[in-house]
Amino acid sequence: MNPRLKSIIGGSTGNLVEWYDWYAYAAFTLYFAPHFFPEGDQTAQLLSAAAVFAVGFVMRPIGAWVMGVYADRRGRKAGLTLSVTLMCAGSFLIAITPGYETIGVFAPALLVVARLMQGLSVGGEYGASATYLSEMAGRHRRGFFSSFQYVTLIAGQLTALLVLIVLQSIMSEAALDAWGWRIPFAVGGVLAIVVFRIRRGLAETESFKRAEGPKSGFWTLITHHPRETVTVMLLTAGGTLAFYAYSIYMQKFLVNTSGFDRQTASQINAATLFIFMCLQPLAGGLSDRVGRKPLMVGFGILGVLATYPIFAALETVRSPLVAGLLVMAALVIVTGYTSINAVVKAELFPANIRALGVALPYALANTVFGGTAEYVALSFKNAGWERGFYWYVSAMIAISLIVYIRMRDTRMTSRITED
């Protein structure tokens, strides 16, 4: 096998398991929320669980900072190995933590600790994996190969959903509610151990070996690359919010608002995410031909125009097929961002600070907008104005659209020097 392709496959496989562990929380929230937050109705329980989901995002900027610097100074491979170790520990902790009825307030407290560990891991994972894949990809196929960063991100989410669907089919609702929800977290911990061994054998990138310039650090980033840092934050804001609204929150929306049962909602989410995953390399390859900017601008325009109508239509839809088509339309739109966001950010920075430059501003924007998406959506619903969330998503996409229109096409100005 071609060494470059082998490295891309190895890095992508690890990324898949990292994101499976992260998304298992979201996929199984409907089942474990009553164990950690027993008081209140379903919306109140989901709101509490969503708050802990958002807390995990608080650690992502810290993880991005610490492990971004680590990956710039010690190597991309070293950063990838450290991140999966933390993810493994967090998954096992969720799997073994007793419920509220057994240990009281320590149950949600330990859940928060586990999510903090996973947030630290994912914060470092994004920058290290996006940088690694972008540097390993060839100049003329960089958009295509770097798109696998999101392919494996979506595959991790999809795998978590598929595990949910399998467990729903082979276990009773009572068993799944009682203890079956622990299984995916235990599986994630075991897979993370396997990935640790894989990542120890990855090749290092030539960009890291040849990197020159000031040592990576927060001060270096904001003083030497302030424009690029702000650009990454603003181009991420609308894209990450749209992605979490259309995918992570959508499963809860289909149950809590549209009225589908949990199994049907999971099936709709899984089917649409599979197609969405397959679209990423196609869009990434297209960006190698027409540039990155047209795809991002297309997402921005369609996202602003279509988000409200799609969510409003889903409120009253009763057909799983129609619901799936509406969700798929939203995911096709956001593909213009997800397929190329990693390479666009990597192409903005020189090698000596690339992992930190990709990771930290992305993590800050993702924490503020992506990590709070479910909480904001459920808060609007709890307040009796659910459609306020649709306007909020549309407005943030509009802000990012302005950045897409004004920025240069990074395919033509890439600072990645490897051929």
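Atom set for the values below is all heavy atoms of this structure, side chains included, hydrogens, waters and symmetry mates excluded. A quick note: this is a predicted structure, and the numbers were derived from the prediction, not measured.
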- Would you say Phe185 has more than 12 foreign heavy atoms packed within less than 6.0 Å of its CZ? yes
- Task: Determine yes or no for a side-chain-to-main-chain donor-acceptor pair under 3.5 angstrom, with Arg182 supplying the side chain and Thr97 the backbone.
- Result: yes
- Message: If I take atom CE from residue Met136 and atom CD from residue Glu204, how far apart are they, to the nearest 0.5 angstrom?
- Response: 7.0 Å
- Query: Nearest 0.5 Å, what's the CZ-CG distance between Arg292 and Leu286?
  - Reply: 10.5 Å
- List the steps, then state whether side-chain contact (heavy atoms from CB on, under 4.5 Å) holds for Val17 with Asp21. CA-CA 6 Å; Val17 174; Asp21 284 343; 4.2 Å; yes
- When rounded to the nearest 0.5 angstrom, what distance separates CG in Leu241 from OG1 in Thr372? 7.0 Å
- Report the relative orientation of the aromatic rings in Phe218 and Trp65; use parallel for angles under 30°, tilted for 30 to 60°, perpendicular for over 60°. tilted
- Item | Between NZ on residue Lys215 and OG1 on residue Thr220, distance to nearest 0.5 Å | 10.5 Å
- Message: Is it the case that over 12 heavy atoms from other parts of the model lie below 6.0 angstrom from the CZ atom of Arg387?
- Response: yes
- Message: Quick check against the 3.5 Å criterion: does Gln251 have a side-chain atom that pairs as donor or acceptor with the backbone of Ser266?
- Response: no
- Item | CA sep, side-chain torsions, deciding dist, call: Phe276, Leu158, side-chain contact (heavy atoms from CB on, under 4.5 Å) | CA-CA 10 Å; Phe276 180 50; Leu158 184 59; over 6 Å; no
- Student check: side-chain heavy atoms of Thr272 and Tyr246 closer than 4.5 Å: no
- Query: Taking the side chain from Ser258 and the backbone from Val255, do they hold a donor-acceptor pair closer than 3.5 Å?
  - Reply: no
- Item | Sub-4.5 Å side-chain heavy-atom contact between Tyr20 and Val163 | yes
- Item | Under 3.5 Å donor-acceptor, Arg199 side chain and Leu80 backbone | yes
- Item | Worked check of side-chain contact (heavy atoms from CB on, under 4.5 Å) between Leu254 and Leu314 | CA-CA 8 Å; Leu254 291 173; Leu314 282 168; 4.3 Å; yes
- Message: Do Arg74 and Phe208 make a side-chain contact, defined as non-hydrogen atoms from C-beta onward lying under 4.5 Å apart?
- Response: no
- Classify the ring geometry between Tyr337 and Tyr150 as parallel (under 30°), tilted (30 to 60°) or perpendicular (over 60°). perpendicular
- Item | Where Gly90 and Ala114 come nearest, the two heavy atoms and their spacing | O-CB, 3.6 Å
- Just by distance, do the side chain of Lys345 and the backbone of Gly357 share a donor-acceptor pair under 3.5 Å? no
- Plane angle bin for Phe144 and Phe148 - parallel if under 30°, tilted between 30 and 60°, otherwise perpendicular: perpendicular
- Query: With a 4.5 Å limit on heavy-atom distance, are the side chains of Arg415 and Leu348 in contact?
  - Reply: no
- Are the side chain of Arg76 and the backbone N or O of Ala128 linked by a donor-acceptor pair below 3.5 Å? no
- Query: CE/Met250 to CG/Leu331 distance, rounded to the nearest 0.5 angstrom?
  - Reply: 7.0 Å
- Task: Measure the acute angle between the ring planes of Phe299 and Tyr404, then classify it against the limits of 30° and 60° as parallel, tilted or perpendicular.
- Result: tilted
- To the nearest 0.5 angstrom, please state how far the CZ atom of Phe349 sits from the CD1 atom of Ile416. 11.5 Å
- Just by distance, with hydrogens left out, do Arg73 and Ser216 show a side-chain donor and acceptor under 3.5 Å apart? no
- Message: I'd like to know if the side chain of Arg354 reaches the main chain of Ala346, judged simply by a donor and an acceptor atom lying under 3.5 Å from each other, with no hydrogens or angles considered.
- Response: yes
- Query: Any sub-3.5 Å donor-acceptor pair from Ser134's side-chain atoms to Thr131's backbone N or O?
  - Reply: no
- Task: Apply side-chain contact (heavy atoms from CB on, under 4.5 Å) to Asn341 and Thr236, showing your working.
- Result: CA-CA 8 Å; Asn341 83 98; Thr236 299; 5.9 Å; no
- Item | Exceeds 12 heavy-atom contacts within 6.0 angstrom, atom CZ of Arg318 | yes
- Query: Tyr308 vs Tyr390 aromatic rings, parallel, tilted or perpendicular, using cut-offs 30° and 60°?
  - Reply: perpendicular
- Query: Between Phe253 and Phe311, what is the ring plane arrangement, given parallel below 30°, perpendicular above 60°, and tilted in between?
  - Reply: perpendicular
- Item | Arg411 (side chain) donor-acceptor with Asp288 (main chain) under 3.5 angstrom | yes
- Query: For Val304, does its backbone N or O pair with a side-chain atom of Thr307 as donor and acceptor, under 3.5 Å?
  - Reply: no
